[in-house]
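None of these values were measured; they are calculated from a predicted model. Order of the sequence lines fixes the chain letters, A, B, ..., with proteins taken first and strands second; residue numbering starts at 1 for each chain.
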There are 2 protein chains.
Amino acid sequence: MMETYRDSHDRALTDYPRPSVAVDTAVLTVPPGAALSVLLVRTGDEWRLPGTFLHERERLADAVLRSLQTKAGVSGLSPRQLHVFDDPARDNRGWVLSVAHLDVVPWSRLTIDESLAKIVPVTDAGALPYGHNEILDQAVASIRSSYATTPDPAGLLEHPFTLRQLQQLHETIAGEPLMRDSFRRAMEPQLAATGELAAGTVGKPARLFARA
Amino acid sequence: MMETYRDSHDRALTDYPRPSVAVDTAVLTVPPGAALSVLLVRTGDEWRLPGTFLHERERLADAVLRSLQTKAGVSGLSPRQLHVFDDPARDNRGWVLSVAHLDVVPWSRLTIDESLAKIVPVTDAGALPYGHNEILDQAVASIRSSYATTPDPAGLLEHPFTLRQLQQLHETIAGEPLMRDSFRRAMEPQLAATGELAAGTVGKPARLFARA
DNA sequence: AGAATAGTGTCTGTGAGACATTATGGT
DNA sequence: ACCATAATGTCTCACAGACACTATTCT
């Protein structure tokens with residue numbers, strides 16, 4: 001058993017005031033044929049990003065995954081930190097720091113509990129409490145910048161996939177059409193052709209790729 | 001006086017375990033004629049980034065400024081959050097989350113207490129405790145990316161300044177020479193010419209600029 | 001055959017990089 | 001007079017954007 005640390009005033013760290021620490025997460029996904037969307041959970045009559053308080057000695061990323069599982073029935077993947085919200089008046093329950101996170105999850109892994117949660121296009125999220133709109137904006141900016149130069153870094157597509165499928169995904173995330181030629185030139189060197197061709201599609205069959 | 005919040009188990013937030021929260025800051029500056037440098041403070045026989053524990057209801061940025069003032073006699077400017085370090089075994093004094101920050105401070109504002117602190121080139125920082133090398137790497141990456149497209153965003157130069165002075169500053173921060181033509185083309189549209197000329201220099205006097 | 005899509009070839013304007021030339025002060 | 005630097009002009013190459021054309025499959 002480790003000795004409790006004492007400072008020069010013979011006090012332990014726990015003798016000083018400490019904040020509660022929470023995590024709040026923007027879970028982004030792309031439903032088939034739909035726009036870039038975010039997971040919201042209900043508390044009372046209010047919709048918000050899922051979050052929870054940090055348990056003792058728990059890692060932030062683990063708290064995020066736990067909150068997604070218990071608050072929305074969702075198995076998350078790899079949360080990324082965005083920002084710490086530290087306004088002492090932000091939460092009327094007390095002094096709470098919130099570490100905002102982003103998690104990008106393939107639609108196929110999202111089997112949400114519809115009594116607890118819903119998935120809406122990020123443009124339709126409306127006004128969220130606790131500065132969650134700011135988190136959402138940062139999350140969207142973050143996923144857009146990561147998709148600008150790299151083919152599907154979050155693995156939203158099952159592979160193999162065609163260049164067209166990849167481009168449509170990137171356009172959904174960017175929220176605007178992309179140029180076919182430029183997209184191809186930027187992405188193809190970063191992909192590995194499987195040698196297979198897509199079947200059952202209209203037109204000339206496209207080559208299938210996987211992330212390199 | 002506000003009523004203390006009670007959850008469904010009739011417990012206050014303070015009835016649950018909470019971490020101590022610290023801030024650690026990479027203070028970057030450019031001494032005259034020297035390389036991009038970082039402020040280190042001594043604790044015992046060890047050099048580390050300055051940091052402190054968060055006081056009750058204190059903002060993170062305020063804790064950063066307070067720690068710079070008291071631990072190094074430095075008046076900081078505008079700290080930016082980088083990352084939260086949350087490894088529960090990171091600090092042997094107990095369960096401590098550390099929010100890493102970056103602050104870029106002009107050399108002229110750094111009147112450090114030399115018995116407490118020193119300023120060394122970032123390449124000479126050596127091995128730092130508590131994952132502080134990782135903070136330093138992120139801080140350097142952050143200032144480099146902010147200086148890549150914008151003229152002296154942190155205001156390290158007194159203005160007015162010449163394009164040459166600006167380029168030398170950017171080269172110091174980038175850690176590599178920049179191309180004169182490209183630099184000029186990128187920066188000049190973002191600057192406001194004062195109409196004055198530099199005096200007392202060798203060669204044709206340069207125009208003086210201020211940030212637009 | 002025709003529609004639809006994939007894949008390839010090629011033209012052009014823009015801008016980065018490079019270099020040359022002129023301007024203007026100090027030594 | 002000479003040197004050092006600023007400021008400006010211009011050439012070239014690479015590449016983004018654009019468009020045309022061919023290839024291949026399904027209906």
A:R164 (side chain) and C:dG7 (base): donor-acceptor pair under 3.5 Å: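 Absent.
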A:H132 and its side chain to side chain donor-acceptor pair (under 3.5 Å) partner, picked from A:D24, A:T25, A:D137: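 Only one of A:D24, A:T25, A:D137 forms a side chain to side chain donor-acceptor pair (under 3.5 Å) with A:H132, namely A:D24.
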Atom [atom1] of [X] and atom [atom2] of [N]: how far apart are they, to the nearest Å?
{"X": "B:K204", "N": "C:dT24", "atom1": "NZ", "atom2": "P", "result": "5 Å"}
{"X": "B:E188", "N": "C:dA16", "atom1": "CD", "atom2": "P", "result": "14 Å"}
{"X": "A:R184", "N": "D:dA18", "atom1": "CZ", "atom2": "P", "result": "17 Å"}
{"X": "B:Q165", "N": "D:dA6", "atom1": "CD", "atom2": "C1'", "result": "13 Å"}
{"X": "A:L208", "N": "C:dG7", "atom1": "CG", "atom2": "C1'", "result": "14 Å"}
{"X": "A:Q167", "N": "C:dG7", "atom1": "CD", "atom2": "P", "result": "12 Å"}
{"X": "A:L178", "N": "D:dG17", "atom1": "CG", "atom2": "C1'", "result": "13 Å"}
{"X": "A:Q168", "N": "C:dT5", "atom1": "CD", "atom2": "C1'", "result": "11 Å"}

Most 5' of A:G203 and B:L197 on DNA chain C, judged by nearest nucleotide: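 Comparing both residues, the 5'-ward one is A:G203.
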Please report the closest heavy-atom contact between [X] and [Y], naming both atoms and the distance.
{"X": "B:I112", "Y": "B:K118", "answer": "CD1-CA, 4.0 Å"}
{"X": "B:G76", "Y": "B:D103", "answer": "CA-OD2, 3.5 Å"}
{"X": "B:P129", "Y": "B:W47", "answer": "CD-O, 3.3 Å"}

Measure from the side chain of [X], starting at C-beta and using heavy atoms only, and say which of [options] lies closest.
{"X": "A:R185", "options": "C:dA18, D:dA18, D:dA6", "answer": "D:dA18"}
{"X": "A:R207", "options": "C:dG7, D:dT8, C:dA23", "answer": "C:dG7"}
{"X": "A:S182", "options": "D:dA16, C:dG17, C:dG25", "answer": "D:dA16"}
{"X": "B:D181", "options": "C:dA18, C:dA6, D:dA7", "answer": "C:dA18"}
{"X": "A:R180", "options": "D:dT25, C:dA6, C:dA16", "answer": "C:dA6"}

Rounded distance (nearest 0.5 Å) linking atom CG of B:L97 with atom CG of A:L97: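 Those atoms lie 8.5 Å apart.
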Toward the 5' end of DNA chain D, by each residue's nearest nucleotide, A:V202 or A:M179: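 Checking each residue's closest nucleotide, the 5'-ward one belongs to A:M179.
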Sugar-phosphate, base or nothing in reach of B:T162, heavy atoms under 4.0 Å: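 No contact at all - B:T162 keeps every heavy atom at 4.0 Å or more from the nucleic acid.
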